[in-house]
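Read the structure below first, then the notes.
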Amino acid sequence: MYEDFLSSIAGVVGADQVLTGDEDLVPYGFDGTAVLKQRPLCVVFPADSLQVSGCVKLAALHAVPVVARGSGTGLSGGSVPVEKSMVLVLTRLDKILEVDERNLTLRAQCGVITKEVDDAAGRFGLFYPPDPGSMKISTIGGNVAENSGGLRGLKYGVTRDYVMGLTVVLPDGRLVELGNKCVKDVAGYSMKDLFIGSEGTLGIITEVLLKLLPKPQARRTMLALYDSMEAAAETVSAIIAAKIIPCTLEFLDRMTVGCVEDYAKIGLPTDVEALLLIETDGHPVAVEDETVRMRDIALKFGAREVKVAVDEAEGARLASARRQAFSALARVKPTTILEDVTVPRSELARMVKFIRLTAERHRLLIGTFGHMGDGNLHPTFLTDERDIEEMHRVELALEEIVEETLAVGGTVTGEHGVGLAKKVFLKRQFSEASYELMREVKRALDPRGLLNPGKIFD
Amino acid sequence: MATTLKQLDYSVLQQCMHCGMCLPTCPTYVETKRERNSPRGRIALMRSIADGETQVTKSFGEEMYYCLGCLACVTACPAGVNYVELFETARADVERKGVLHTPQRGFWRWLTLEVLFMRPRLLRAVGMGLRWYQRSGVEKVVRGSGLLRLLPEGLRRLEPQTPVMSAVFSNGLIEEVEEPVGVRKYRVALLTGCVQDLAFAEVNRDTADVLLANGCEVVTPSVQPCCGSLHGHNGAPELAMELARRQLDLFEVESLDAIISNAGGCGSHLKHYGPLLKEDARYAERARLWDSKVRDVHEWLAEIGFRVPSAGCGVEEVTYHESCHLTHGQKVVAAPRLVLGSIPGLKVVELPESNWCCGSAGIYNITQPEQSAKLLKRKVEKIAETGVPVVATSNPGCHLQIAAELKADLGNKCKSVTQPVTLLAQAYRNERSGGVVNGEA
């Protein structure tokens with residue numbers, strides 16, 4: 001029954017850009033999320049916005065669900081296919097179309113790797129602040145669709161804060177352009193914002209117009225080592241309370257530090273209970289001042305030692321070690337289930353302690369790291385999906401962590417999105433009316449539910 | 001070791017959490033941007049076979065042989081996936097199921113894996129024949145006559161890549177036991193390799209000289225079996241095990257301080273006899289001892305604090321291409337640069353993408369000529385960017401591959417391929433003759 005559909009898709013993108021064989025489909029059955037997998041009907045590689053539009057029109061005609069995919073690094077199952085779906089892989093849309101130095105903007109196709117966006121900006125003395133841990137691999141379109149965060153979120157915010165415009169293919173295949181280069185623009189509804197973080201459920205983003213910032217003149221990185229997790233969390237609260245906003249304030253617990261060191265071998269001490277990676281950037285004088293003040297605060301709140309990186313290369317090495325934290329944790333046990341709970345920063349110490357006690361209570365290994373400065377924690381369950389009894393305990397522990405997060409005014413996801421992994425929790429976070437509002441938006445735009453069905457909500 | 005994916009310890013497959021950190025480091029994924037051509041995609045295929053969801057098919061077999069086995073993904077993988085074991089088991093499974101079998105492929109596999117590379121004397125005899133052919137002028141006549149057009153296309157394409165045989169093989173250049181001048185500090189064995197022995201015997205001589213100059217007594221059996229890396233990497237684990245046993249029988253492992261390899265690809269395999277023979281009660285322990293003593297020559301030199309030469313080597317500028325299995329397989333990254341950097345008057349220019357595969361990858365340039373050629377082109381372009389006349393590498397496969405292309409690439413300023421150990425040996429020689437200082441010839 002799909003033969004007509006497949007041949008008409010081949011007519012749009014070319015026969016060699018449509019895959020249907022077992023060996024081709026299996027590797028597209030998953031993304032970066034643990035456990036979840038589902039084989040699609042076909043995998044298609046359009047080359048530009050018009051081809052995406054053509055594919056979506058045909059999918060609508062044949063009622064085939066469409067799942068958009070970049071590099072497949074998502075951590076909430078957002079790009080895991082649904083049954084009998086067409087996976088649209090957007091990595092061929094990989095051109096940076098323009099860097100506008102006069103307006104500090106960059107226009108790119110959705111499949112450009114995020115780091116290439118930052119590199120291109122760098123050639124003009126500019127930078128693209130959001131820096132998800134996966135920036136060397138993830139695509140900018142995927143980042144916008146998931147509204148990714150990253151290591152500089154504390155000072156610079158998330159992807160949403162840098163999107164000025166989008167080109168989007170709607171569920172019926174129409175192409176729309178939203179936003180522009182104007183810093184101020186209040187004409188009508190802020191439609192681009194609707195699509196940022198919509199996880200491929202409302203439209204397929206094919207081009208992005210991004211805001212860039214001048215590169216900070218100076219940057220300093222330091223490491224603070226702690227014998228207690230709570231002391232590290234208190235340091236974070238104290239830095240924020242002292243009205244210092246560093247660009248990065250990352251936290252790694254003992255297990256995470258051990259795994260990262262095991263992989264990266266950069267000389268991290270493995271006998272600490274917690275470690276803070278702190279980075280400040282901006283005017284050299286301000287950077288120096290903040291470095292000294294934050295070092296003093298860290299020591300006052302119980303840091304065993306504070307090491308300031310001697311130069312930028314050393315700082316970069318430390319920060320890059322942090323980017324590997326999640327994957328490095330997989331060294332301990334075969335299955336890693338990464339959570340993304342975020343709490344108001346005043347509640348950090350309490351939350352970190354709660355996670356530790358929950359792990360003990362359920363006899364589980366949980367490695368915790370995260371973007372402490374913005375309250376975004378990544379408690380990571382280290383388990384084995386084949387151990388059914390343990391997986392049950394993982395579920396119980398996860399429930400408790402989510403309940404506690406919501407009780408202190410937190411959110412179930414700070415940067416990974418809802419996807420498949422967190423949709424059961426989403427309902428609890430929202431009131432009946434606000435949850436229903438989201439569903440109404442989805443129904444209005446995609447009444448037949450063909451774009452990434454089953455994600456965010458059922 | 002397991003010879004099918006279903007026998008494999010499942011946790012090795014599970015270790016991949018498909019985070020994608022491997023993608024930008026994989027030369028085949030970067031070329032095609034298709035998941036099946038990436039490490040995590042290949043592991044997903046292996047896992048679906050282990051799970052019984054898919055079968056070992058021709059298409060799977062082709063994918064396993066499209067992978068270079070360069071192991072760049074192993075370096076990139078924070079989760080510590082044992083890709084070597086996965087890859088070798090998958091290829092063994094492909095061979096066991098025979099999904100790629102054709103009479104022609106079967107013949108060549110039989111001739112190389114089961115005949116030539118199982119019989120070192122026969123291999124040398126063939127090498128001697130080839131040497132006669134190349135040196136007697138017959139090769140020129142044959143090439144000029146157009147007779148080569150009679151060869152099947154695959155062979156015709158390969159003919160220009162046939163390595164030039166050394167005038168004398170390692171056994172003609174190196175005594176079975178050689179003593180250092182002065183105090184003997186270590187006793188080491190020297191592995192002469194197969195291609196290295198036939199095509200780069202003088203590199204083996206250089207290696208022995210460098211070891212002697214650093215107080216090592218060097219033990220070099222004149223006839224050595226292939227180490228089995230060719231077999232291990234190409235889906236013939238039983239033969240690889242057989243060769244490992246022969247190797248273990250040949251050397252007095254206990255009495256040696258180190259077993260020295262100077263070929264990146266061999267060394268990477270030689271360090272894994274332990275896992276290879278872990279189920280062999282007679283050899284398992286000896287294999288573990290062996291593993292603990294195998295060193296790449298640069299690694300060994302760095303470890304013992306080698307003597308810095310006081311003379312130059314006659315070369316002023318060099319760049320360094322990393323063999324995949326030396327850098328990703330053995331993690332020997334800094335030591336060769338340390339060796340090059342120690343030579344007076346030699347400027348070492350860093351090669352962009354120095355650890356990106358050159359496309360040689362064992363016999364990959366034979367089995368996958370197209371992808372191999374793309375990688376080779378990329379490699380020589382990077383070498384040209386450095387503007388340096390000499391490139392050093394430390395694996396005979398890379399050496400041959402790059403040398404062949406540089407010869408054809410007329411615009412490239414780089415004309416010469418050498419090995420770090422050769423340059424160091426030359427510097428030591430120049431010390432004695434009092435000739436070259438600070439790079440001046």
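Because the structure is predicted, anything quoted here is derived from the model rather than measured.
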Self-check item: Non-hydrogen side-chain atoms of Arg34(B) and Leu19(A) separated by less than 4.5 Å
Solution: yes
Self-check item: Approximate separation, where rounding is to 0.5 Å, of Leu338(A) CG and Cys19(B) SG
Solution: 11.0 Å
Quiz prompt | Gln55(B) versus chain A, the contacting section by heavy-atom distance below 4.5 Å | solution = backbone
Self-check item: Lys422(A) atom NZ, neighbour heavy-atom count above 12 within 6.0 Å
Solution: yes
Quiz prompt | Per-residue contacts, residues 328-341 of chain B versus chain A, heavy atoms under 4.5 Å | solution = none
Quiz item: Can you name the residues of residues 6-13 of chain B that have some heavy atom under 4.5 Å away from a heavy atom in chain A?
Solution: Tyr10(B), Ser11(B)
Quiz item: OG1 of Thr57(B) to CD of Glu23(A): how many Å apart, nearest 0.5 Å?
Solution: 3.5 Å
Practice problem: Can you tell which part of Ser59(B) gets under 4.5 Å to a heavy atom of chain A, answering side chain, backbone, both or neither? | Solution: both
Quiz item: Given that the side chain runs from C-beta out, which part of Ile113(A) has a heavy atom under 4.5 Å from chain B: side chain, backbone, both or neither?
Solution: neither
Quiz prompt | Nearest heavy-atom neighbours spanning Ser71(A) and Glu35(B) | solution = O-OE2, 3.8 Å
Quiz item: Where on Arg42(B) is there a heavy atom nearer than 4.5 Å to chain A: the side chain, the backbone, both, or neither?
Solution: neither
Quiz item: Counting only heavy atoms not in Lys115(A), do more than 12 fall under 6.0 Å of its NZ?
Solution: no
Quiz item: Roughly how far, to the nearest 0.5 Å, is OG1 of Thr335(A) from CE of Met17(B)?
Solution: 9.5 Å
Practice problem: Report, as yes or no, whether the 6.0 Å neighbourhood of atom CD on Glu83(A) holds more than 12 heavy atoms from other residues, nucleotides or ligands. | Solution: no
Quiz item: Under a 4.5 Å heavy-atom cut-off, does chain A meet the side chain of Thr25(B), its backbone, both or neither?
Solution: neither
Exercise. Count the heavy atoms of every other residue, nucleotide or ligand shown that sit under 6.0 Å from CD of Glu370(B), and state whether that count exceeds 12.
Key: no
Self-check item: Nearest non-hydrogen partners of Pro78(B) and Gln324(A), listed with the distance
Solution: CG-OE1, 3.3 Å
Quiz item: In terms of heavy-atom contacts, does NZ of Lys377(B) have more than 12 from other residues, nucleotides or ligands at under 6.0 Å?
Solution: no
Quiz item: Can you tell me how far the CG atom of Asp24(A) sits from the CD atom of Glu63(B), to the nearest 0.5 Å?
Solution: 8.5 Å
Exercise. Let me know if Cys16(B) has heavy atoms under 4.5 Å from chain A in its side chain, its backbone, both or neither.
Key: neither
Practice problem: Could you look at Leu45(B) and say if it's the side chain, the backbone, both or neither that has a heavy atom under 4.5 Å from chain A? | Solution: both
Exercise. Under 4.5 Å, heavy atom to heavy atom: which of residues 27-46 of chain A reach chain B? Give them by number, or say none.
Key: Pro27(A), Tyr28(A), Phe30(A), Asp31(A), Gly32(A), Thr33(A), Ala34(A), Lys37(A), Arg39(A), Phe45(A)
Exercise. List the steps, then state whether side chain to side chain contact (heavy atoms under 4.5 Å, CB included) holds for Glu385(A) with Gln14(B).
Key: CA-CA 9 Å; Glu385(A) 66 199 279; Gln14(B) 260 183 316; 3.6 Å; yes
Quiz item: Does the pair Lys33(B) and Asp94(A) meet the rule for a side chain to side chain contact (heavy atoms under 4.5 Å, CB included), with working shown?
Solution: CA-CA 11 Å; Lys33(B) 299 272 181 76; Asp94(A) 60 358; 3.8 Å; yes
Practice problem: Return the option, out of Arg36(B), Gln15(B), His18(B), with the maximum number of heavy-atom pairs under 4.5 Å with chain A. | Solution: His18(B)
Quiz item: Under 4.5 Å, heavy atom to heavy atom, which residues of residues 87-101 of chain B contact chain A?
Solution: none
